[in-house]
Amino acid sequence: MNEVENPYLPKIAILDRVVDEIKDVRTFYWHFEDQNEQLKFKNFLPGQFAQISVFGIGEFPASLPPSPTEEETFFTIRTVGSCTDAFHKMKAGEKFAVRGPYGNGFKMDSYAGKNLIFVAGGIGLIPLRSCIIYALENRQKYERIQIFYGSRTPAELMYTNDLKKWGQSAGIECYLTVDRATDGWKGNVGVVGSLFKKPNVQMAIKNSIAFVCGPPVMFRFVIKDLLEMGFNEEDIVSTLERYMKCGIGKCGHCCIGSAYVCVDGPVFTYKQIKKLGEDI
Ligand SMILES: Cc1cc2nc3c(=O)[nH]c(=O)nc-3n(C[C@H](O)[C@H](O)[C@H](O)COP(=O)(O)OP(=O)(O)OC[C@H]3O[C@@H](n4cnc5c(N)ncnc54)[C@H](O)[C@@H]3O)c2cc1C
Ligand code: FES
């Protein structure tokens, strides 16, 4: 008889290096101790998540910001409480544990032939980074790729190396904005939706999928703008965050009505989010 794998069993991971991203947010590069686990894990889809265990403290869900095709595996984590604080204190060489990948992910292949519009606010770029890198690595599959990204201040823009590359790349249109400019900022000032109507921006509306991730207030305004511009509710996709325990559809911690965010999501269309009665 084949041995059945325990789905709750996390696998040992080793932290390689830590990079400060913005205030309270760090990117953690890591690998599985067992090379076979690394190979299995690398089949993840953009938009999926994993459960991270910090020994003696607890477990928490985190998105997978790398594209499956990138060599290095990493998480980008904001410190907000006991588990994330403990994770932020970890040093290169230390061990933690990971199980996953979990969730449905973005259906990147079904968006072939469409324009991809990414709209992110603050750390909302974490789950979208994977899709953006995946789309660029499969550039011929998609029509236009537009990124609209905003943060409160220039110092709070995430993944600045990627933003620089995207800003210089011919195959992608990348527009940045900040709520409050500081010395040296020459870009747009205003909320992310203010970019949509700039004279230098021609937003792709027909045959487009809009990926929207960010704080609730930004989400509400961006959705309103997109719907007014003619986007269909089913062509707007986002990720929902819920308290999670098992991550595999057993415990019910993440349920909204009949939907299990950990398995039916975390990616939902705006039409589904509305149907769930979710006020985000
Ligand atoms: C699918 C998914 C993907 C996620 N991806 C990331 C990621 O890539 N990077 C990242 O930094 N964070 C991510 N999060 C959020 C992260 O899981 C929480 O910040 C973490 O669980 C907090 O644990 P803690 O023990 O540090 O905080 P706690 O001590 O448990 O809580 C501290 C504060 O955070 C609030 N909080 C905790 N968990 C959540 C949650 N799930 N939703 C809303 N509020 C919460 C609590 O109400 C409390 O106010 C994700 C969450 C989900 C569900
Ligand atoms: S986290 Fe347990 S059912 Fe979703």
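Start at 1 and go down the list; that is how both ligands and their atoms are numbered.
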Undergrad: Under 4.0 angstrom from atom 25 (O) of ligand 1, is there any protein heavy atom?
TA: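 Given the 4.0 Å limit, the answer for atom 25 (O) of ligand 1 is yes, a protein heavy atom qualifies.
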Undergrad: Only one of Asn161, Leu176, Leu136 passes side chain to side chain contact (heavy atoms under 4.5 Å, CB included) with Trp166; say which it is.
TA: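 When Asn161, Leu176, Leu136 are each tested with Trp166, the side chain to side chain contact (heavy atoms under 4.5 Å, CB included) holds only for Leu136.
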Undergrad: Could you list which atoms of ligand 1 come closer than 4.0 Å to a heavy atom of Arg78?
TA: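 Those qualifying, in numeric order: 10 (C), 11 (O).
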Undergrad: So how far is it from Met218 CE to Ser151 OG, rounded to the nearest 0.5 Å?
TA: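 With rounding to 0.5 Å, CE (Met218) is 11.5 Å from OG (Ser151).
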Undergrad: With a 4.5 Å limit on heavy-atom distance, are the side chains of Asp34 and Lys11 in contact?
TA: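 When only atoms from C-beta onward are counted, Lys11 and Asp34 do not touch, as no gap falls below 4.5 Å.
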Undergrad: So if I count the atoms of ligand 2 from 1 in the order they appear, which ones are less than 4.0 Å from some heavy atom of Lys245?
TA: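 Near Lys245, meaning under 4.0 Å from one of its heavy atoms, ligand 2 has 1 (S).
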Undergrad: Got a salt bridge between Arg99 and Glu5, using NZ or NE/NH1/NH2 to carboxylate O under 4.0 Å?
TA: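 Salt bridge between Arg99 and Glu5, a charged N being under 4.0 Å from a carboxylate O: no.
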Undergrad: Taking the non-hydrogen atoms of Ser82, is any one of them nearer than 4.0 angstrom to ligand 1?
TA: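 Ser82 counts as a contact of ligand 1 under the 4.0 Å cut-off.
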Undergrad: Would you call the rings of Phe211 and Phe106 parallel, tilted or perpendicular, taking 30° and 60° as the class edges?
TA: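 Answer is tilted, since the angle falls between 30° and 60°.
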Undergrad: Any N/O of Gly81 closer than 3.5 Å to an N/O of ligand 1?
TA: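 The answer is yes, given that Gly81 and ligand 1 share an N or O pair closer than 3.5 Å.
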Undergrad: Do Arg129 and Asp162 sit within salt-bridge range, that is, some charged N less than 4.0 Å from a carboxylate O?
TA: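 Here Arg129 pairs with Asp162 in a salt bridge, since their nearest N and O are under 4.0 Å apart.
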Undergrad: Taking only heavy atoms of Phe60, which atoms of ligand 1 are found under 4.0 Å from at least one of them?
TA: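 Every atom of ligand 1 under 4.0 Å from some heavy atom of Phe60: 20 (C), 21 (O).
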Undergrad: Consider ring-ring contact (aromatic ring centres under 6.0 Å, His included). Of Phe87, Phe55, Phe60, Phe32, which one does Phe96 pass it with?
TA: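 Single pass found, and it is Phe87.
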Undergrad: Under 2.8 Å from atom 2 (Fe) of ligand 2, is there any N, O or S atom belonging to His253?
TA: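 Not a single backbone or side-chain N, O or S atom of His253 is under 2.8 Å from atom 2 (Fe) of ligand 2.
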Undergrad: Quick one: which of Pro127, Ser63, Cys83, Ala50 has a heavy atom closest to atom 3 (C) of ligand 1?
TA: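 Shortest heavy-atom distance from atom 3 (C) of ligand 1: Ser63.
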Undergrad: Where on Ile126 is there a heavy atom closer than 4.0 Å to ligand 1, on the side chain, on the backbone, on both, or on neither?
TA: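 The answer is the side chain.
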Undergrad: Quick one: look up the protein heavy atom nearest atom 53 (C) of ligand 1 and list residue, atom name and how far away it is.
TA: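 Scanning the protein heavy atoms, the shortest distance from atom 53 (C) of ligand 1 goes to Arg242 O, 3.2 Å.
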Undergrad: Please tell me if atom 9 (N) of ligand 1 is touched by the protein, where touching means a protein heavy-atom distance below 4.0 Å.
TA: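 Given the 4.0 Å cut-off, atom 9 (N) of ligand 1 counts as touching protein heavy atoms.
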Undergrad: Hey, is the main chain of Ile236 close enough, under 3.5 Å, to the side chain of Lys271 for a donor-acceptor pair?
TA: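 Answer holds: no.
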Undergrad: Of all the heavy-atom pairs spanning Ile22 and Ala155, show the shortest one and how long it is.
TA: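 Ile22 and Ala155 have their closest heavy atoms at CG2-O, 3.3 Å.
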Undergrad: When you compare ligand 1 with Ala62, is there at least one nitrogen or oxygen pair between them that comes in under 3.5 angstrom?
TA: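 Such a contact does not occur with ligand 1.
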Undergrad: Assess, by modelled atom type and distance only, whether the side chains of Asp109 and Tyr134 contain a donor and an acceptor separated by less than 3.5 Å.
TA: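 Result is yes, a qualifying pair exists.
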Undergrad: Look at atom 40 (C) of ligand 1 and say which protein heavy atom is nearest, naming residue and atom and giving the distance to 0.1 Å.
TA: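 For this ligand atom, the closest protein heavy atom is Glu241 OE1, 4.1 Å.
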Undergrad: Using the side chain to side chain contact (heavy atoms under 4.5 Å, CB included) definition, which of the options Gln51, Met244, Gln48 pairs with Tyr102?
TA: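 It is Gln51, the one option of Gln51, Met244, Gln48 that forms the side chain to side chain contact (heavy atoms under 4.5 Å, CB included) with Tyr102.
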Undergrad: Show which atoms of ligand 2 fall inside a sub-4.0 Å distance from at least one heavy-atom site of Cys251.
TA: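 Per the distance check, 1 (S), 2 (Fe), 3 (S).
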Undergrad: Do me a favour and list the nearest non-hydrogen protein atom to atom 47 (O) of ligand 1 with residue, atom name and distance?
TA: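 Closest protein heavy atom to atom 47 (O) of ligand 1: Tyr243 OH, 2.3 Å.
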Undergrad: For a distance under 2.8 Å, tell me if Cys255 has an N/O/S atom near atom 4 (Fe) of ligand 2.
TA: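 It does not; every qualifying atom lies at 2.8 Å or beyond.
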Undergrad: If the cut-off is 4.0 Å to any non-hydrogen atom of Cys262, which atoms of ligand 2 fall inside it?
TA: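 Atoms satisfying the 4.0 Å criterion: 1 (S), 3 (S), 4 (Fe).
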Undergrad: I'd like the name of whichever of Leu64, Thr27, Val80, Ile77 reaches closest to atom 33 (C) of ligand 1 through any heavy atom.
TA: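 Nearest option to atom 33 (C) of ligand 1, by heavy atoms: Val80.
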Undergrad: Could you tell me how the ring of Phe74 sits relative to the ring of Tyr29: parallel (under 30°), tilted (30 to 60°) or perpendicular (over 60°)?
TA: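 Ring orientation of Phe74 relative to Tyr29: tilted.
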Undergrad: Could you say whether the N/O atoms of Pro61 and ligand 1 ever approach to under 3.5 Å?
TA: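 Yes - when backbone and side-chain N and O of Pro61 are compared with those of ligand 1, one distance drops under 3.5 Å.
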Undergrad: Would you check if His31 and Thr73 make a side-chain contact, meaning some heavy-atom pair closer than 4.5 Å?
TA: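 When only atoms from C-beta onward are counted, Thr73 and His31 do not touch, as no gap falls below 4.5 Å.
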Undergrad: I'd like to check which ligand 2 atoms, numbered from 1 as shown, lie under 4.0 Å from a non-hydrogen atom of Gly249.
TA: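 Once the distances to Gly249 are compared, the set is 3 (S).
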Undergrad: Name the option, out of Thr84, Asp24, Thr76, that contains the heavy atom nearest to atom 7 (C) of ligand 1.
TA: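 Nearest heavy atom to atom 7 (C) of ligand 1 lies in Thr76.
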Undergrad: Under 4.0 Å, heavy-atom basis, I'd like to know which part of Thr239 is in contact with ligand 1: side chain, backbone, both or neither.
TA: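 Within the 4.0 Å criterion, Thr239 makes no contact with ligand 1.
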Undergrad: My question is simple, although I want it checked carefully: is atom 30 (O) of ligand 1 less than 4.0 angstrom from any protein heavy atom?
TA: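 Neighbour list for atom 30 (O) of ligand 1 is empty of protein heavy atoms (cut-off 4.0 Å).
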Undergrad: Output the list of atoms in ligand 2 that are nearer than 4.0 Å to some heavy atom of Gly252, sorted by atom number.
TA: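 Result: 2 (Fe), 3 (S).
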Undergrad: Rounded to the nearest 0.5 Å, how far does CD1 of Ile273 lie from CD1 of Ile223?
TA: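 CD1 of Ile273 is found 7.0 Å from CD1 of Ile223.
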